[in-house]
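Heads up, the thing below is written out as C-alpha coordinates.
All chains are named by letter (A, B, ...) in the order of the sequence lines, taking the proteins before the strands, and each is independently numbered beginning at 1. Every value quoted in this text rests on a predicted model; they were computed, and no experiment measured them.
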Number of protein chains: 2
Amino acid sequence: MPRATAATQSRSLTEDRESDLEGFVGYNLKRAYLVFSADFRRALGRHGFGPRQFSALSLIVQFPQITQSELARKLGIERSGLVAIVDELEGRGFVARMPVPGDRRVQALAATKDGRTAYLHAREVVRSHEETLLSDLTPDELDTLNGVLRKIRESEA
Amino acid sequence: MPRATAATQSRSLTEDRESDLEGFVGYNLKRAYLVFSADFRRALGRHGFGPRQFSALSLIVQFPQITQSELARKLGIERSGLVAIVDELEGRGFVARMPVPGDRRVQALAATKDGRTAYLHAREVVRSHEETLLSDLTPDELDTLNGVLRKIRESEA
DNA sequence: TATTGTTATACTCTATAACTATA
DNA sequence: TATAGTTATAGAGTATAACAATA
(Lines give C-alpha, C1' and ligand atoms only; values in the text may rest on other atoms or scores of the structure.)
Protein backbone atom coordinates (compact mmCIF):
# COMPACT_ATOMS: atom_id res chain seq x y z
CA MET A 1 0.00 0.00 0.00
CA PRO A 2 1.25 3.51 -0.78
CA ARG A 3 2.20 5.64 2.12
CA ALA A 4 0.03 8.66 2.84
CA THR A 5 1.69 9.66 6.06
CA ALA A 6 0.35 12.24 8.46
CA ALA A 7 3.61 14.13 8.08
CA THR A 8 1.98 16.02 5.25
CA GLN A 9 0.03 18.12 7.73
CA SER A 10 3.06 19.86 9.17
CA ARG A 11 4.36 20.86 5.77
CA SER A 12 4.06 24.25 4.20
CA LEU A 13 1.35 24.71 1.64
CA THR A 14 3.32 27.06 -0.51
CA GLU A 15 6.33 24.86 -1.16
CA ASP A 16 6.48 21.66 -3.15
CA ARG A 17 6.50 18.82 -0.70
CA GLU A 18 4.87 15.47 -0.51
CA SER A 19 1.47 15.30 -2.09
CA ASP A 20 -0.80 12.52 -3.19
CA LEU A 21 0.32 13.14 -6.69
CA GLU A 22 4.01 12.73 -5.95
CA GLY A 23 3.23 9.31 -4.54
CA PHE A 24 1.99 7.97 -7.84
CA VAL A 25 4.56 6.15 -9.92
CA GLY A 26 2.71 6.99 -13.13
CA TYR A 27 2.97 10.71 -12.47
CA ASN A 28 6.64 10.53 -11.50
CA LEU A 29 7.31 8.44 -14.58
CA LYS A 30 5.72 11.07 -16.76
CA ARG A 31 7.66 13.93 -15.23
CA ALA A 32 10.94 12.04 -15.52
CA TYR A 33 10.16 11.15 -19.11
CA LEU A 34 9.49 14.81 -19.88
CA VAL A 35 12.86 15.78 -18.41
CA PHE A 36 14.56 13.30 -20.72
CA SER A 37 12.47 14.29 -23.68
CA ALA A 38 13.21 18.00 -23.30
CA ASP A 39 16.91 17.40 -22.81
CA PHE A 40 17.02 15.05 -25.77
CA ARG A 41 15.69 17.81 -27.97
CA ARG A 42 18.14 20.33 -26.58
CA ALA A 43 20.99 17.92 -27.24
CA LEU A 44 19.94 16.57 -30.65
CA GLY A 45 17.68 19.23 -32.03
CA ARG A 46 20.52 20.96 -33.82
CA HIS A 47 21.51 17.63 -35.34
CA GLY A 48 18.06 17.39 -36.87
CA PHE A 49 16.93 14.41 -34.85
CA GLY A 50 13.77 14.15 -32.84
CA PRO A 51 13.28 11.15 -30.58
CA ARG A 52 11.21 9.30 -33.17
CA GLN A 53 13.67 9.79 -36.00
CA PHE A 54 16.49 8.66 -33.77
CA SER A 55 14.65 5.55 -32.57
CA ALA A 56 13.62 4.54 -36.05
CA LEU A 57 17.07 5.08 -37.53
CA SER A 58 18.65 3.15 -34.69
CA LEU A 59 16.55 0.08 -35.46
CA ILE A 60 17.00 0.42 -39.21
CA VAL A 61 20.78 0.52 -38.78
CA GLN A 62 20.69 -2.43 -36.47
CA PHE A 63 18.20 -4.52 -38.44
CA PRO A 64 19.04 -4.04 -42.10
CA GLN A 65 16.20 -4.80 -44.51
CA ILE A 66 13.59 -4.50 -41.78
CA THR A 67 10.11 -3.90 -43.18
CA GLN A 68 7.99 -0.94 -42.16
CA SER A 69 5.43 -3.16 -40.46
CA GLU A 70 8.08 -4.90 -38.43
CA LEU A 71 9.70 -1.61 -37.50
CA ALA A 72 6.38 -0.18 -36.38
CA ARG A 73 5.83 -3.27 -34.27
CA LYS A 74 9.22 -2.91 -32.60
CA LEU A 75 8.59 0.75 -31.92
CA GLY A 76 5.13 0.06 -30.54
CA ILE A 77 3.40 2.46 -32.94
CA GLU A 78 0.97 2.02 -35.84
CA ARG A 79 2.18 1.42 -39.39
CA SER A 80 0.44 4.59 -40.49
CA GLY A 81 2.40 6.67 -38.05
CA LEU A 82 5.70 5.37 -39.31
CA VAL A 83 5.23 6.69 -42.84
CA ALA A 84 6.07 10.29 -41.99
CA ILE A 85 9.10 9.25 -39.96
CA VAL A 86 10.54 7.17 -42.79
CA ASP A 87 9.64 9.92 -45.28
CA GLU A 88 11.74 12.34 -43.32
CA LEU A 89 14.69 9.99 -42.89
CA GLU A 90 14.52 9.22 -46.60
CA GLY A 91 14.30 12.92 -47.44
CA ARG A 92 17.53 13.52 -45.56
CA GLY A 93 19.23 10.72 -47.38
CA PHE A 94 19.64 8.58 -44.27
CA VAL A 95 17.38 5.71 -45.30
CA ALA A 96 16.28 4.07 -48.55
CA ARG A 97 13.09 2.14 -49.24
CA MET A 98 13.93 -0.95 -51.25
CA PRO A 99 11.74 -3.46 -53.06
CA VAL A 100 11.85 -7.00 -51.75
CA PRO A 101 12.04 -9.79 -54.34
CA GLY A 102 9.19 -12.21 -53.85
CA ASP A 103 6.71 -9.84 -52.20
CA ARG A 104 6.00 -6.61 -53.97
CA ARG A 105 3.84 -5.26 -51.15
CA VAL A 106 6.84 -4.88 -48.88
CA GLN A 107 9.30 -2.03 -48.64
CA ALA A 108 12.51 -3.03 -46.90
CA LEU A 109 14.40 -0.26 -45.16
CA ALA A 110 18.13 0.20 -45.32
CA ALA A 111 20.34 2.91 -43.86
CA THR A 112 22.61 4.69 -46.31
CA LYS A 113 26.26 5.36 -45.56
CA ASP A 114 25.26 8.89 -44.55
CA GLY A 115 22.54 7.45 -42.38
CA ARG A 116 24.92 5.16 -40.56
CA THR A 117 27.41 7.96 -40.04
CA ALA A 118 24.73 10.32 -38.77
CA TYR A 119 23.40 7.64 -36.46
CA LEU A 120 26.79 6.86 -34.94
CA HIS A 121 27.33 10.52 -34.24
CA ALA A 122 23.85 11.02 -32.82
CA ARG A 123 24.26 7.95 -30.66
CA GLU A 124 27.27 9.47 -28.96
CA VAL A 125 25.39 12.70 -28.35
CA VAL A 126 22.53 10.72 -26.81
CA ARG A 127 24.91 8.76 -24.63
CA SER A 128 26.46 11.96 -23.40
CA HIS A 129 23.07 13.51 -22.69
CA GLU A 130 21.98 10.42 -20.75
CA GLU A 131 25.24 10.30 -18.84
CA THR A 132 24.68 13.85 -17.67
CA LEU A 133 21.07 13.27 -16.67
CA LEU A 134 21.92 10.09 -14.81
CA SER A 135 25.12 11.28 -13.18
CA ASP A 136 23.49 11.43 -9.74
CA LEU A 137 22.57 7.76 -9.83
CA THR A 138 24.65 4.96 -8.40
CA PRO A 139 25.45 2.01 -10.67
CA ASP A 140 23.03 -0.10 -8.63
CA GLU A 141 20.26 2.42 -9.04
CA LEU A 142 20.89 2.53 -12.75
CA ASP A 143 20.74 -1.24 -13.07
CA THR A 144 17.55 -1.40 -11.05
CA LEU A 145 16.01 1.39 -13.09
CA ASN A 146 16.69 -0.36 -16.35
CA GLY A 147 15.41 -3.68 -15.05
CA VAL A 148 12.28 -2.16 -13.63
CA LEU A 149 11.46 -0.20 -16.78
CA ARG A 150 11.87 -3.40 -18.75
CA LYS A 151 9.56 -5.29 -16.40
CA ILE A 152 6.92 -2.62 -16.76
CA ARG A 153 7.13 -2.68 -20.53
CA GLU A 154 6.96 -6.46 -20.66
CA SER A 155 3.81 -6.44 -18.55
CA GLU A 156 2.10 -4.85 -21.53
CA ALA A 157 -0.35 -7.23 -23.16
CA MET B 1 15.15 -11.87 -28.43
CA PRO B 2 18.47 -10.63 -29.77
CA ARG B 3 18.95 -11.66 -33.34
CA ALA B 4 22.45 -13.07 -33.35
CA THR B 5 23.10 -13.06 -37.05
CA ALA B 6 26.78 -13.82 -37.19
CA ALA B 7 27.09 -13.03 -40.88
CA THR B 8 26.03 -9.51 -41.70
CA GLN B 9 26.95 -7.39 -44.67
CA SER B 10 28.41 -4.63 -42.54
CA ARG B 11 30.14 -4.96 -39.25
CA SER B 12 27.93 -5.03 -36.21
CA LEU B 13 27.67 -1.71 -34.42
CA THR B 14 27.08 -3.01 -30.95
CA GLU B 15 27.65 -5.76 -28.46
CA ASP B 16 24.56 -7.19 -30.21
CA ARG B 17 23.01 -8.92 -27.25
CA GLU B 18 20.18 -6.43 -27.58
CA SER B 19 19.47 -3.39 -29.68
CA ASP B 20 21.16 -0.05 -29.09
CA LEU B 21 17.77 1.42 -28.50
CA GLU B 22 16.93 -0.84 -25.58
CA GLY B 23 20.08 0.35 -23.89
CA PHE B 24 18.92 3.94 -23.69
CA VAL B 25 17.20 4.92 -20.46
CA GLY B 26 15.23 7.65 -22.21
CA TYR B 27 13.66 5.21 -24.60
CA ASN B 28 12.83 2.70 -21.88
CA LEU B 29 11.39 5.51 -19.79
CA LYS B 30 9.13 6.53 -22.64
CA ARG B 31 7.87 3.02 -23.28
CA ALA B 32 7.19 2.44 -19.59
CA TYR B 33 5.40 5.77 -19.37
CA LEU B 34 3.22 4.82 -22.32
CA VAL B 35 2.27 1.56 -20.62
CA PHE B 36 1.16 3.50 -17.56
CA SER B 37 -0.60 6.12 -19.61
CA ALA B 38 -2.60 3.61 -21.64
CA ASP B 39 -3.59 1.63 -18.57
CA PHE B 40 -4.55 4.81 -16.72
CA ARG B 41 -7.00 5.62 -19.48
CA ARG B 42 -8.40 2.12 -19.48
CA ALA B 43 -8.88 2.29 -15.73
CA LEU B 44 -10.18 5.85 -15.37
CA GLY B 45 -11.60 6.66 -18.78
CA ARG B 46 -15.06 5.53 -17.79
CA HIS B 47 -14.83 7.69 -14.71
CA GLY B 48 -14.31 10.69 -16.95
CA PHE B 49 -10.77 11.39 -15.84
CA GLY B 50 -7.78 11.80 -18.07
CA PRO B 51 -4.33 12.04 -16.50
CA ARG B 52 -4.32 15.82 -16.59
CA GLN B 53 -7.73 16.20 -14.98
CA PHE B 54 -6.74 13.77 -12.28
CA SER B 55 -3.43 15.48 -11.57
CA ALA B 56 -4.97 18.93 -11.44
CA LEU B 57 -7.85 17.87 -9.21
CA SER B 58 -5.45 16.08 -6.90
CA LEU B 59 -3.47 19.25 -6.30
CA ILE B 60 -6.58 21.41 -6.00
CA VAL B 61 -7.95 19.08 -3.32
CA GLN B 62 -4.66 19.07 -1.52
CA PHE B 63 -3.91 22.79 -1.82
CA PRO B 64 -7.20 24.62 -1.33
CA GLN B 65 -7.32 28.15 -2.75
CA ILE B 66 -4.35 27.49 -5.01
CA THR B 67 -4.16 29.94 -7.88
CA GLN B 68 -4.06 28.85 -11.50
CA SER B 69 -0.54 30.17 -11.98
CA GLU B 70 0.70 28.28 -8.97
CA LEU B 71 -1.06 25.10 -10.05
CA ALA B 72 0.45 25.34 -13.52
CA ARG B 73 3.86 25.77 -11.95
CA LYS B 74 3.41 22.68 -9.78
CA LEU B 75 2.23 20.66 -12.77
CA GLY B 76 5.10 21.88 -14.90
CA ILE B 77 2.86 23.22 -17.66
CA GLU B 78 2.04 26.68 -18.98
CA ARG B 79 -0.76 28.77 -17.52
CA SER B 80 -2.50 28.81 -20.86
CA GLY B 81 -2.67 25.05 -20.96
CA LEU B 82 -4.34 24.88 -17.61
CA VAL B 83 -7.39 26.85 -18.63
CA ALA B 84 -9.04 23.99 -20.53
CA ILE B 85 -8.34 21.56 -17.71
CA VAL B 86 -9.93 23.82 -15.11
CA ASP B 87 -12.81 24.58 -17.49
CA GLU B 88 -13.58 20.91 -17.72
CA LEU B 89 -13.31 20.29 -13.98
CA GLU B 90 -15.52 23.30 -13.37
CA GLY B 91 -18.01 22.10 -16.01
CA ARG B 92 -18.37 18.82 -14.17
CA GLY B 93 -18.95 20.62 -10.91
CA PHE B 94 -15.74 19.37 -9.33
CA VAL B 95 -13.98 22.69 -9.00
CA ALA B 96 -14.99 26.33 -8.50
CA ARG B 97 -13.09 29.46 -9.48
CA MET B 98 -13.26 31.95 -6.67
CA PRO B 99 -12.32 35.63 -6.47
CA VAL B 100 -9.55 36.53 -4.08
CA PRO B 101 -10.05 39.63 -1.93
CA GLY B 102 -7.23 42.07 -2.43
CA ASP B 103 -6.20 41.00 -5.94
CA ARG B 104 -8.88 40.90 -8.56
CA ARG B 105 -6.59 39.40 -11.18
CA VAL B 106 -6.41 36.10 -9.33
CA GLN B 107 -8.78 33.16 -9.47
CA ALA B 108 -8.38 30.80 -6.55
CA LEU B 109 -9.41 27.21 -7.13
CA ALA B 110 -11.39 25.13 -4.69
CA ALA B 111 -12.72 21.61 -5.00
CA THR B 112 -16.44 21.19 -4.41
CA LYS B 113 -17.85 18.42 -2.24
CA ASP B 114 -18.55 16.46 -5.43
CA GLY B 115 -15.01 17.11 -6.57
CA ARG B 116 -13.52 15.80 -3.36
CA THR B 117 -15.72 12.71 -3.50
CA ALA B 118 -14.88 12.06 -7.13
CA TYR B 119 -11.19 12.52 -6.42
CA LEU B 120 -11.14 10.12 -3.49
CA HIS B 121 -12.83 7.49 -5.64
CA ALA B 122 -10.56 8.09 -8.60
CA ARG B 123 -7.54 7.95 -6.33
CA GLU B 124 -8.44 4.43 -5.27
CA VAL B 125 -8.89 3.37 -8.88
CA VAL B 126 -5.46 4.81 -9.71
CA ARG B 127 -3.90 3.05 -6.74
CA SER B 128 -5.39 -0.22 -7.88
CA HIS B 129 -4.19 0.30 -11.44
CA GLU B 130 -0.67 1.07 -10.23
CA GLU B 131 -0.65 -1.87 -7.86
CA THR B 132 -1.45 -4.17 -10.78
CA LEU B 133 1.18 -2.69 -13.06
CA LEU B 134 3.83 -2.83 -10.35
CA SER B 135 2.96 -6.24 -8.96
CA ASP B 136 6.09 -7.82 -10.46
CA LEU B 137 8.38 -5.44 -8.60
CA THR B 138 9.97 -6.14 -5.26
CA PRO B 139 9.54 -3.53 -2.51
CA ASP B 140 13.21 -2.62 -2.93
CA GLU B 141 12.81 -2.13 -6.64
CA LEU B 142 9.77 0.06 -6.06
CA ASP B 143 11.61 2.22 -3.54
CA THR B 144 14.57 2.60 -5.86
CA LEU B 145 12.30 3.43 -8.77
CA ASN B 146 10.56 6.19 -6.86
CA GLY B 147 13.82 7.61 -5.59
CA VAL B 148 15.43 7.54 -8.99
CA LEU B 149 12.48 9.16 -10.74
CA ARG B 150 12.58 11.90 -8.16
CA LYS B 151 16.30 12.44 -8.64
CA ILE B 152 15.78 12.74 -12.38
CA ARG B 153 13.01 15.26 -11.99
CA GLU B 154 14.98 17.32 -9.51
CA SER B 155 17.88 17.53 -11.92
CA GLU B 156 15.65 19.66 -14.12
CA ALA B 157 16.89 23.22 -14.29
C1' DT C 1 -9.62 -12.87 -47.60
C1' DA C 2 -5.51 -10.99 -45.53
C1' DT C 3 -1.51 -7.96 -45.48
C1' DT C 4 1.67 -3.78 -46.71
C1' DG C 5 2.14 0.69 -47.27
C1' DT C 6 -0.39 4.73 -47.59
C1' DT C 7 -3.69 8.75 -47.01
C1' DA C 8 -7.09 11.31 -44.53
C1' DT C 9 -8.66 12.64 -40.39
C1' DA C 10 -9.11 13.60 -35.55
C1' DC C 11 -7.75 13.86 -30.88
C1' DT C 12 -4.51 14.75 -26.91
C1' DC C 13 -1.00 17.37 -24.99
C1' DT C 14 1.78 21.17 -25.05
C1' DA C 15 3.97 25.72 -26.27
C1' DT C 16 4.10 30.61 -27.96
C1' DA C 17 2.26 34.95 -28.55
C1' DA C 18 -0.93 38.35 -27.84
C1' DC C 19 -4.94 40.24 -25.50
C1' DT C 20 -7.72 42.10 -20.98
C1' DA C 21 -8.02 43.51 -16.67
C1' DT C 22 -5.93 44.39 -13.16
C1' DA C 23 -1.73 45.65 -10.08
C1' DT D 1 5.73 47.98 -16.31
C1' DA D 2 4.47 43.61 -14.62
C1' DT D 3 1.27 39.82 -13.56
C1' DA D 4 -3.13 36.48 -13.81
C1' DG D 5 -6.08 34.55 -16.60
C1' DT D 6 -7.47 33.93 -21.19
C1' DT D 7 -7.73 33.18 -26.32
C1' DA D 8 -5.95 31.83 -30.71
C1' DT D 9 -3.00 29.16 -32.97
C1' DA D 10 0.39 25.79 -34.20
C1' DG D 11 3.04 21.73 -33.77
C1' DA D 12 4.26 17.09 -32.09
C1' DG D 13 2.70 12.50 -31.53
C1' DT D 14 -0.54 9.10 -31.93
C1' DA D 15 -4.79 6.39 -33.33
C1' DT D 16 -8.57 4.82 -36.42
C1' DA D 17 -10.52 3.93 -40.72
C1' DA D 18 -10.32 3.30 -45.34
C1' DC D 19 -7.97 2.51 -49.81
C1' DA D 20 -4.91 0.33 -53.67
C1' DA D 21 -1.72 -3.09 -54.76
C1' DT D 22 -0.45 -7.47 -53.87
C1' DA D 23 -0.50 -11.96 -51.64
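Look at B:Arg97 and B:Asp87 and you find a salt bridge, because one of the NZ, NE, NH1 or NH2 atoms lies within 4.0 Å of a carboxylate O, short of that distance.
As rounded to whole Å, 10 Å separates atom P of C:dT7 from atom CD of A:Gln68. Going from atom CD of B:Glu70 over to atom P of D:dT3 covers 15 Å, rounded to whole Å. In this structure, A:Arg52 places its CZ atom 11 Å from C1' of D:dG11, rounding to the nearest Å. As a whole-Å value, the separation of A:Arg73 CZ from C:dT3 C1' is 15 Å. Rounded to a whole Å, the CZ atom of B:Arg97 is 15 Å from the P atom of D:dA4. Taking atom CD1 on A:Ile66 and atom C1' on C:dT4, their separation rounds to 14 Å, with Å as the unit.
Among residues two or more places apart in sequence or in another chain, the salt bridge (charged side-chain N to carboxylate O under 4.0 Å, His left out) test is passed with B:Asp103 by B:Arg105. Qualifying side-chain contact (heavy atoms from CB on, under 4.5 Å) partners for A:Asp136, counting only residues two or more places apart in sequence or in other chains: B:Lys151.
Side-chain rings of B:Phe54 and A:Phe24 approach one another, their centers coming within less than 6.0 Å.
Summarising the local packing, CD of A:Glu131 is surrounded by 12 or fewer heavy atoms from other residues, nucleotides or ligands at distances under 6.0 Å.
Looking only at atom types and distance, the side chain of B:Arg31 has a donor-acceptor partner in the side chain of B:Tyr27 under 3.5 Å away.
Results of the side chain to side chain contact (heavy atoms under 4.5 Å, CB included) test with A:Glu141 over A:Thr144, A:Leu145, A:Thr138 single out A:Thr138 as the only residue that passes.
Closest non-hydrogen pair, B:Ala122 versus B:Leu44, comes out as CB-CD2, 3.7 Å. Nearest approach of A:Gly93 to A:Asp114, heavy atoms of both residues: O-CB, 3.9 Å.
Here B:Lys30 reaches the OP1 or OP2 of D:dT14: one of its side-chain N or O atoms lies under 4.0 Å away.
In the helix from C:dT1-D:dA23 to C:dA23-D:dT1, the terminal helix axes, each the rotation mapping four pairs' C1' atoms onto the next four within five end pairs, subtend 10°, rounded to 10°.
Between the side chain of A:Asn28 and the backbone N or O of A:Glu22 there is at least one donor-acceptor pair closer than 3.5 Å. Distance alone, capped at 3.5 Å, places no donor-acceptor pair between the B:Arg52 side chain and the B:Ile85 backbone. At distances below 3.5 Å, at least one donor-acceptor pair connects side-chain atoms of A:Glu130 with backbone N or O atoms of B:Val25.
Against DNA chain C, the stretch residues 75-93 of chain B makes heavy-atom approaches under 4.0 Å through B:Ile77, B:Glu78, B:Ser80. Less than 4.0 Å separates DNA chain D from at least one heavy atom of each of the following residues of residues 36-48 of chain A: A:Arg41. Taking every heavy atom of residues 100-112 of chain B and every atom of DNA chain D, pairs under 4.0 Å involve B:Arg105, B:Val106, B:Gln107, by number.
If you find the closest nucleotide of DNA chain C to A:Thr67 and to A:Leu34, the one lying nearer the 5' end belongs to A:Thr67.
Considering only heavy atoms from C-beta on, B:Glu88 stays 4.5 Å or farther from B:Phe94 through its side chain.
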